[in-house]
Number of protein chains: 2
Amino acid sequence: METTKQISILSVEDHPVFGEGLSTIIGSQSDMALVGHAATAGEAISEFRKHRPDITLMDLRLGETDGIDALVAIRGEFSHARIIILTTSDGDGEIQRALRAGASGYVLKSTPKNELLSIIRSVNAGRRHVPAEVAARLVEFMGEDDLTPREIQVLRLIRDGNRNKEIASRLDISETTVNFHIKNIVDKLRANDRTHAVTIAVRRGLLQI
Amino acid sequence: METTKQISILSVEDHPVFGEGLSTIIGSQSDMALVGHAATAGEAISEFRKHRPDITLMDLRLGETDGIDALVAIRGEFSHARIIILTTSDGDGEIQRALRAGASGYVLKSTPKNELLSIIRSVNAGRRHVPAEVAARLVEFMGEDDLTPREIQVLRLIRDGNRNKEIASRLDISETTVNFHIKNIVDKLRANDRTHAVTIAVRRGLLQI
DNA sequence: GCAGATTTCAGGATTTCGCTGGATTTTAGG
DNA sequence: CCTAAAATCCAGCGAAATCCTGAAATCTGC
């Protein structure tokens, strides 16, 4: 075999059984080789430095740490790194964040094996691949304004049951300003009220719960 | 090998890569054999009838269908069936529902391989196994009142942005009664307000989002 | 049949929310 | 430097939610 031509792959994943599945599937392909594995953002970076893989398969949810951080750190050091996000969330917020941070693909964990393999090959060939179903989610909300950082901050406090007065004092702003932000949040998300706004934001992956 | 002594296992799972991992891990054990696979509740039942496995590994979230339905259906027909739930949610609500419906174990997908294997053996030996971390989640809310069916119904409508008047008309009850239910929901969940109640219920797995 | 839980209802007090229509300051990007 | 976007502030009104007390009907399990 021409080992030099194999696609080297690093998996970043904290579900052992899923990792085993990746290992088996990749191991069965003569043109691919799993060269390393990491379970946290920190490990991901050091493993990347060690192996310089052609492709990195990464779950966004790594216990406490966020996969995006690992993604940004790796791309900061190796701007050519090809990283495919492999996760369960189909919210447009997470997809956008990942692609903006430089991901080369975004694949759901429910994807069939063959499709996953062909995406790996496609990305290795230099393309940026996002499955139609995922792209559709993205397009659904395209052109609509994102929530600003401040709005997300306010929304988090709403989610946790703070009233407007409490939000104002926590953020050290006036209650009027809080009202203003909330109105914008509800408008942007086309929600009926604050509760609905939280629901929609969570569904879209703009807010964790 | 004494094939007759092998533990026969059915997996019910709609994540192909995860299923592959299960297959590999189980295949590497001489005392176990994966005898079937299903990706939906319906398939789960027919596969169970066909193979009568010693152990069924089941994800609760099967696309649209609910794993609990499959669990109940199987246990209705084969009351001795030993079913281990293998899922990502650690909310006490889901755990309770599964165990009440007759699950023999509840394991998180983040569990290490060895632990998963020993749980399979333990359950096959007739024990009911729930990992300490999962049991802890359960104990945390033990003794606290569950939400009633009506309360869940109301909470769902709150989540979706209905106002009390709308909830009243949808459920065909008076607004006073809606107020009463909401007060009870907020009290039971120790929430600050309706929004917080939704957040807590989702975190605890009492409500989908 | 009875106890306990669930669901239903009234009416009113108080607080909070959502909306209106401006106006100013700060920050980021071309 | 200039403009646009974001964040900040003011004030007040009507609608909605929350909180209270006090009952009664229905359902379920023993």
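Chain A is the first sequence line, chain B the second, and so forth, proteins listed ahead of strands; every chain is numbered from 1. Bear in mind the structure is a predicted one, so any value in this text is a computation, not a measurement.
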Distance test, side-chain N/O of [X] to OP1/OP2 of [N], below 4.0 Å:
X: A:Thr177; N: D:dC9; result: yes
X: B:Arg163; N: D:dA15; result: no
X: A:Thr176; N: D:dT8; result: no
X: A:His181; N: D:dA6; result: no

Rounded off to whole Å, could you give me the [atom1]-to-[atom2] distance for the [X] and [N] pair?
X: B:Asn184; N: D:dT21; atom1: CG; atom2: P; answer: 14 Å
X: A:Phe180; N: D:dA6; atom1: CZ; atom2: P; answer: 10 Å
X: B:Arg194; N: D:dA15; atom1: CZ; atom2: C1'; answer: 13 Å
X: A:Glu151; N: D:dA5; atom1: CD; atom2: P; answer: 14 Å
X: A:Gln153; N: D:dA6; atom1: CD; atom2: C1'; answer: 13 Å
X: A:Ile182; N: D:dC9; atom1: CD1; atom2: P; answer: 14 Å
X: A:Glu175; N: D:dC9; atom1: CD; atom2: C1'; answer: 13 Å
X: A:Lys183; N: D:dA6; atom1: NZ; atom2: P; answer: 15 Å

For A:Asp193, report the nucleic acid contact type (base, sugar-phosphate, nothing); a contact means any heavy atom under 4.0 Å. sugar-phosphate
Hits for side chain to side chain contact (heavy atoms under 4.5 Å, CB included) against A:Asp92, two or more places apart or cross-chain, chain-then-number order -> A:Gln96, A:Leu138, A:Phe141, A:Arg204
Between D:dC10, D:dA17, D:dT8, which nucleotide has the shortest distance from any of its atoms to the side chain of B:Asn164? D:dA17
From the options B:Asp146, B:Asp66, B:Asp69, select the one residue that forms a salt bridge (charged side-chain N to carboxylate O under 4.0 Å, His left out) with B:Arg97. B:Asp66
Going 5' to 3' along DNA chain C, which nucleotides are the first and last within contact of chain A (any atom under 4.0 Å from a heavy atom)? C:dT16 to C:dT20
Within 45° cone of A:Phe18 ring axis and under 6.0 Å: A:Lys109 NZ or CZ: yes
At what distance, to the nearest 0.5 angstrom, does CD1 of B:Ile200 lie from CG of A:Asp160? 9.0 Å
Is any side-chain heavy atom of A:Leu62 less than 4.5 Å from a side-chain heavy atom of A:Thr40? no
Which residue is it: B:Ile119, B:Val123, B:Ile26? I am looking for the one with a side-chain contact (heavy atoms from CB on, under 4.5 Å) to B:Leu57. B:Ile26
Nearest heavy atom decides the nucleotide; on that basis, is B:Asn179 or B:Ser174 closer to the 5' end of DNA chain C? B:Ser174
Tell me whether B:Arg128 at atom CZ has more than 12 heavy atoms from other residues, nucleotides or ligands lying less than 6.0 Å away. yes
